[in-house]
Protein chains: 2
Amino acid sequence: MDKPFKNERLTYKLNIVAQQAITANDAIFFQETGCHIRDLRVLRLIDDTPGTTFAEIAKITGFERSLTSRILQNLIGSRLITRENSTEDARVFLLFTTGKGKEVRQVARRLSDRLEVILTDPLSSQELRALNEILERLGNWVTSEDYSQALDREVNKASG
Amino acid sequence: MDKPFKNERLTYKLNIVAQQAITANDAIFFQETGCHIRDLRVLRLIDDTPGTTFAEIAKITGFERSLTSRILQNLIGSRLITRENSTEDARVFLLFTTGKGKEVRQVARRLSDRLEVILTDPLSSQELRALNEILERLGNWVTSEDYSQALDREVNKASG
DNA sequence: TCATTTAGTTGCAATTTGAGATTATCTGGT
DNA sequence: ACCAGATAATCTCAAATTGCAACTAAATGA
């Protein structure tokens, strides 16, 4: 009858839910597609913008260049994407999904739909909408410059 | 004008918000108290249940025993908690917060309050209540046996 | 043509963490 | 009383992850 949390903080609750959901989902994605969520995200980006580049991917995802490089190497090794030299700049290469890559992307998409249904099972459709809306707003907030500044002010106030 | 996410999945949104909030908060907690969130959680547990044991902490937090051991060593090293041998079983030791530990806990508590105010700045009080309620429910769900089983069924259906 | 900048890769080292061995202690059966 | 497990907690070691910085290759521009 233990609740996982009682009066806990919002961040704590967020963390529990995010952590549990992601860990469980990631294992399933890996089992069903051979890819981890992070790789699938890159695959999706490439599939949505064929001919995108290494630098674009690194910029959009925010991953380190070395990490980006390794993820792309994995995807290429699994024959999910191909690289083609740019005709304009031989340092640059363009990324495309293979047929297999497109298939995996679809499998992942459908799986993701089903997993999200399971995750949100205890919520009414109204609650689900509300949650999406609120998280959207919070997501914008926590990634904003204003948020960092608000935190900075708080810290300076405390120690100053 | 880039939104951090558009049509993204719930888990993705959750992850962004949780990750950003936790990373930012953890740095501030460390700066202001010398402890990371994880350590503070253990400190809080001990302060709330004086005389609790290693095994209890490991069970409640779900941390590995080796990790739990290291966290306790840190807290002892920082003089925030003390260990006392159990009179009943010499293998067991009982944990207590020191005066300094209680102080740090209070500092952390107040800081946590303020950080949560900042985090939820863009939400109305009604939305905040709704979010808390929904996350509570989701937290219970994702840590339940039923959730794992629902995922198992989904996977078996897919591959079977 | 040479110096500088840019694209992407790779080697290396720091960090984190978990599994399993290890030590110390307890409990129960004979 | 003694021995054979069980149990509490620690510690060692090895695997995985990741970032930094050095590196190669190609472009740019003076």
Side-chain angles (χ1 to χ4, degrees), chain A residues 15 18-20 22-27 29-31 34-43 45-46 49 51-78 80-96, chain B residues 15 18-20 22-24 26-27 29-30 34-43 45-46 49 51-78 80-96:
Chain A
N15 189 37
Q19 214 47 46
Q20 288 286 326
I22 287 167
T23 307
N25 283 8
D26 193 57
F29 276 113
F30 187 67
Q31 187 181 331
C35 288
H36 290 283
I37 290 176
R38 206 169 53 181
D39 308 301
L40 289 169
R41 186 169 164 220
V42 172
L43 178 63
L45 277 173
I46 296 171
T49 49
T52 189
T53 65
F54 170 92
E56 276 288 298
I57 301 284
K59 179 166 162 248
I60 292 175
T61 59
F63 299 153
E64 278 291 310
R65 280 161 39 253
S66 48
L67 180 58
T68 308
S69 178
R70 283 165 198 146
I71 292 173
L72 291 175
Q73 282 166 25
N74 277 348
L75 291 172
I76 292 167
S78 321
L80 300 178
I81 63 172
T82 54
R83 45 187 287 177
E84 232 173 69
N85 292 333
S86 162
T87 52
E88 296 180 358
D89 186 335
R91 292 170 307 181
V92 174
F93 53 84
L94 312 180
L95 297 163
F96 300 90
Chain B
N15 189 37
Q19 215 48 47
Q20 288 286 328
I22 288 167
T23 307
D26 192 57
F29 276 113
F30 187 67
C35 288
H36 290 282
I37 291 176
R38 206 168 53 180
D39 308 300
L40 289 169
R41 185 169 164 222
V42 172
L43 178 64
L45 277 173
I46 296 170
T49 50
T52 188
T53 65
F54 171 93
E56 277 287 299
I57 300 284
K59 178 165 164 251
I60 292 176
T61 59
F63 299 152
E64 279 292 312
R65 283 169 23 262
S66 40
L67 179 57
T68 308
S69 180
R70 283 168 204 146
I71 292 172
L72 292 176
Q73 281 167 25
N74 278 348
L75 291 173
I76 292 166
S78 320
L80 300 178
I81 63 172
T82 54
R83 45 187 288 178
E84 230 171 70
N85 291 333
S86 163
T87 52
E88 296 181 355
D89 186 336
R91 293 170 306 180
V92 174
F93 52 85
L94 312 179
L95 298 163
F96 300 90

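Computed from a predicted structure; not experimentally measured. Sequence lines set the chain letters: A, B, ... in the order given, protein chains first and strands last, and positions in each chain run from 1.
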Open item on the list: Quick check: do Ile60(A) and Leu45(A) have side-chain heavy atoms less than 4.5 Å from each other?
Closed with: yes
- [ ] Write down the distance between CG (Leu67(A)) and P (dA16(D)), rounded to a whole number of angstrom.
- [x] 16 Å
Open item on the list: Just verifying a value: how many Å separate Arg70(B) CZ and Gln73(B) CD, rounded to the nearest 0.5 Å?
Closed with: 8.0 Å
- [ ] Side-chain contact test, heavy atoms from C-beta onward, threshold under 4.5 Å: evaluate it for Leu94(B) versus Thr53(B) and give yes or no.
- [x] yes
Task: Which nucleotide in dT10(C), dT10(D), dC26(C) has an atom nearest any side-chain atom of Ser66(A) - done: dT10(C)
Task: 5'-most by nearest nucleotide on DNA chain D - Ala90(A) or Phe63(A) - done: Phe63(A)
Open item on the list: Looking at Leu80(A), is its backbone amide N or carbonyl O close enough to the side chain of Ser78(A) to form a donor-acceptor pair, meaning the two atoms are under 3.5 Å apart?
Closed with: no
Open item on the list: If we check side-chain contact (heavy atoms from CB on, under 4.5 Å) with Leu95(A), which of these qualifies: Thr49(A), Leu72(A), Leu75(A)?
Closed with: Leu72(A)
Would you tabulate the pairs of protein nitrogen or oxygen atoms and nucleotide nitrogen or oxygen atoms of nucleotides 7-9 of chain D closer than 3.5 angstrom?
from: dT7(D); atom 1: O2; to: Arg91(B); atom 2: NH1; distance (Å): 2.6
from: dA9(D); atom 1: OP2; to: Ala55(B); atom 2: N; distance (Å): 3.1
from: dA9(D); atom 1: N7; to: Arg65(B); atom 2: NH2; distance (Å): 3.4

TODO: Kindly say whether, by distance alone, the side chain of Arg38(B) makes a donor-acceptor pair under 3.5 Å with the base of dT16(C)?
DONE: no
- [ ] Rounded to the nearest angstrom, tell me the gap between atom CD in Glu64(B) and atom C1' in dT10(D).
- [x] 14 Å
Task: Atom-pair distance (CG on Leu72(A); P on dA7(C)), nearest Å - done: 15 Å
Task: Gap between atoms CG and C1', on Asn74(A) and dT10(C) respectively (whole Å) - done: 15 Å
Open item on the list: Applying the side-chain contact (heavy atoms from CB on, under 4.5 Å) criterion to Arg38(A), which one of Leu67(A), Thr61(A), Asp26(A), Leu43(A) satisfies it?
Closed with: Leu67(A)
TODO: For Ile57(B) and dT10(D), give me the distance from atom CD1 to atom P, rounded to whole Å.
DONE: 12 Å
- [ ] Take the protein atom NE2 of His36(A) and the nucleotide atom C1' of dT18(D), then report the distance between them rounded to whole Å.
- [x] 15 Å
Task: Atom pair distance, as rounded to whole Å: CD1 in Ile37(A) and C1' in dT17(D) - done: 17 Å
TODO: Send over the distance from Asn85(B) CG to dT10(D) P, rounded to a whole Å.
DONE: 11 Å
Open item on the list: Distance check, rounded to the nearest 0.5 Å: Ile76(B) atom CD1 versus Ile81(B) atom CD1?
Closed with: 4.5 Å
TODO: Ignoring backbone atoms, test whether Gln73(B) places a side-chain nitrogen or oxygen under 4.0 Å from the OP1 or OP2 oxygen of dC11(D).
DONE: yes
Task: Check: Arg70(A) side chain, dG8(C) base, donor-acceptor under 3.5 Å - done: no
